[in-house]
Every structure is written in structure tokens, then in C-alpha cells.
Amino acid sequence: MTRLSVNLNKVCLVRNSRGGNHPDPLAIARICLDAGAAGLTLHPRADARHARLDDVIAFMTLPEVASGAAELNVEGDLRPELMRCALEAGAHQFTVVPVTPGEVTSSRGWRAYDDHEALAAAVRFFNGQMRVSVFCDATKTSVAYAARAGADAVEFYTGAFAQAYGTPDGEALLEDLGVAADYARELGLRIHAGHDLDTVNLPACLARLRPDEVSIGHAIMAEALVDGFEAVVKRYLAVTAG
Ligand SMILES: CC(=O)[C@@H](O)[C@H](O)COP(=O)(O)O
Ligand SMILES: NCC(=O)COP(=O)(O)O
């Protein structure tokens, strides 16, 4: 069964908008775990627009996360302070995401021309103390690039597929994702997927990629504004349970 990791970046964004601690991301994380989420994801960007390094440390105080019964996935670029924070906090996974400063959100995975040595050095830095996942485009080249760096997993960027879902382009993008996922599985990598997934496009993604994990944030936040996190996390768990 595919694990659901709930990305709480956008709860942190609302929290930051007034400079206090309301809504408290830790309280929302508690609700998500109680609802059955297998893990939590935070993407502390350099501009601290939403998740921050102290949120990583705070999330590790949740009993299920501290024990490893639920996982904390820290996403981000290869900033030394972020990598050090994730390692020292004891996070379970680091997902390496290519970041363009000032971007609105992630829009691609690692590509062959990106700095391979930096990626390989990051894998060496984590030294098996946590799983390293590489945010990838839906290409065999991107997957091979991650495998060559020693990654444990690849997370496929599903944004383009999600935005084209229900069109012939969306079908083609899904097949690209599926072919890349099949190749990653042949190489022994864990398969993850994320970005702009929601209850409409998720079933097709699950059926074709058969991912070990999906990380979903924006759609869960948007729906939780109406229905609350407990109900929405259970809604997504019903989809990932197949
Ligand atoms: C890697 C990925 O697709 C998402 O985690 C994305 O990075 C979220 O970033 P924002 O929440 O800042 O849009
Ligand atoms: N890695 C994807 C993620 O954590 C959440 O992406 P989104 O659902 O907020 O687009």
C-alpha cells in the first residue's frame, strides 16, 4: 500500500503570515498522524516563507515520529544548514529538490546537467543515517542520474501530469512517469511521487506508478480549509489504500 506523507508547508505559511504560532503546525501534524498519515513532509526553503528549520526539530518531538512509527521527510536544496538540521534532528528521509531562488513552487526534478557531484556528496553526507530521495523528472536519464549518485529513492515530479490530467497530454505524461517508475524499480530504487496531486488525479498516478509513497500538501490544505484535516487525511488515505 502506498504511504501518505502530508506536507504541511502551507500551514506554516499561514502561521508565518502573522508572526506568531497560530495555526500551530505541530497541532495540525498531530491531527494528521491521528487520522492515519504515515508521515509528514516539510520543505524549509531558504527564504523561510513557510516551513522553517525549527519546525523540523519540533516535528521530531511527536512520539510517533521520534520512534519512527511515522516518518519525517525533509525536502529541499543542498543547503548545508538544512542538511545538517535534518541529520541532527534525526529525520527519516531527505528529498533533494532542485530549487530556483524566488520560484513560486517546485517545477522540475533533477536533470542530467545538474551538479551530480553535489548530489553524490549529499548522499555521502547522510551516510545511510536516513533515506535519500531525489526529486526527479519522468525520464530514465533523471532516474539513472539519481541511482548513480547512490540515492535510495526517486520522487517523481507530478506537477505537469496533474495540470494536464484528463487530456491526451496528461495521459502521455502519466505514461512517461510510469516508464520512468518501472525503470527505477528495476534499479532497486523506492518510488515516490508528489506535486499537485489530489483525489482526482491520484488514482491514475497510483495505478500506473505503484509508488511506495506520495507526499501531498497543497490540495490537502485547500480541502482542509473546508472539511478539516482529519476528514481530508482520511479521504486521501481511502484513495491510497486502493
Ligand atoms: C518538491 C515539491 O514538489 C513540493 O514539496 C514543493 O516543493 C512544495 O513547495 P511549496 O510548498 O513551497 O510550493
Ligand atoms: N513532494 C511534494 C510535496 O511534498 C507536496 O507537494 P504539493 O502537494 O504541495 O504540490
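Both counts, for ligands and for their atoms, begin at 1 and track the order of listing. Given the structure is predicted, the values throughout are model-derived calculations rather than measurements.
Distance alone, capped at 3.5 Å, is enough to place a donor-acceptor pair between the N16 side chain and the H50 backbone.
Annotation: side chain of V11 is in contact with side chain of M221 (closest heavy-atom distance under 4.5 Å). No side-chain heavy atom of H218 sits under 4.5 Å from any side-chain heavy atom of T105.
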Test R208 against E171 for salt bridge (Lys or Arg N to Asp or Glu O under 4.0 Å), laying out the working first. CA-CA 11 Å; R208 183 60 186 89; E171 288 298 313; over 6 Å; no
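The one candidate from V232, I220, I28 that meets the side-chain contact (heavy atoms from CB on, under 4.5 Å) condition with V6 is I220.
Contact residues of ligand 1 (protein heavy atom closer than 4.0 angstrom to a ligand atom; sorted by chain and number): N7, N9, K10, H43, R45, H50, E75, V97, T105, S106, F135, H195.
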Extract all N/O-N/O pairs under 3.5 Å that connect ligand 2 to the protein, and present each with both atom names and the distance rounded to 0.1 Å.
residue: ligand 2; atom: 1 (N); partner: E75; partner atom: OE2; Å: 2.5
residue: ligand 2; atom: 1 (N); partner: E155; partner atom: OE2; Å: 2.5
residue: ligand 2; atom: 1 (N); partner: S215; partner atom: OG; Å: 2.9
residue: ligand 2; atom: 4 (O); partner: N7; partner atom: ND2; Å: 2.8
residue: ligand 2; atom: 4 (O); partner: E75; partner atom: OE2; Å: 3.3
residue: ligand 2; atom: 4 (O); partner: S215; partner atom: OG; Å: 3.4
residue: ligand 2; atom: 8 (O); partner: G217; partner atom: N; Å: 2.8
residue: ligand 2; atom: 8 (O); partner: H218; partner atom: N; Å: 3.4
residue: ligand 2; atom: 9 (O); partner: H218; partner atom: N; Å: 2.9
residue: ligand 2; atom: 10 (O); partner: D196; partner atom: N; Å: 2.7

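Residues F156 and A184 share a closest heavy-atom pair of CZ-CB, 4.3 Å. The minimum heavy-atom distance linking G178 with L209 is given by the pair N-CD1, 4.0 Å.
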Under 3.5 Å, sequence neighbours excluded: what are the donor-acceptor pairs made by side chains of residues 187-195?
residue: R190; atom: NE; partner: H192; partner atom: NE2; Å: 3.2
residue: R190; atom: NH2; partner: H192; partner atom: NE2; Å: 3.3
residue: H192; atom: ND1; partner: S133; partner atom: OG; Å: 3.4
residue: H195; atom: NE2; partner: S106; partner atom: O; Å: 3.4

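Applying the side-chain contact (heavy atoms from CB on, under 4.5 Å) criterion to N201, with sequence neighbours excluded, gives F161, A162, Y165, L197, D198.
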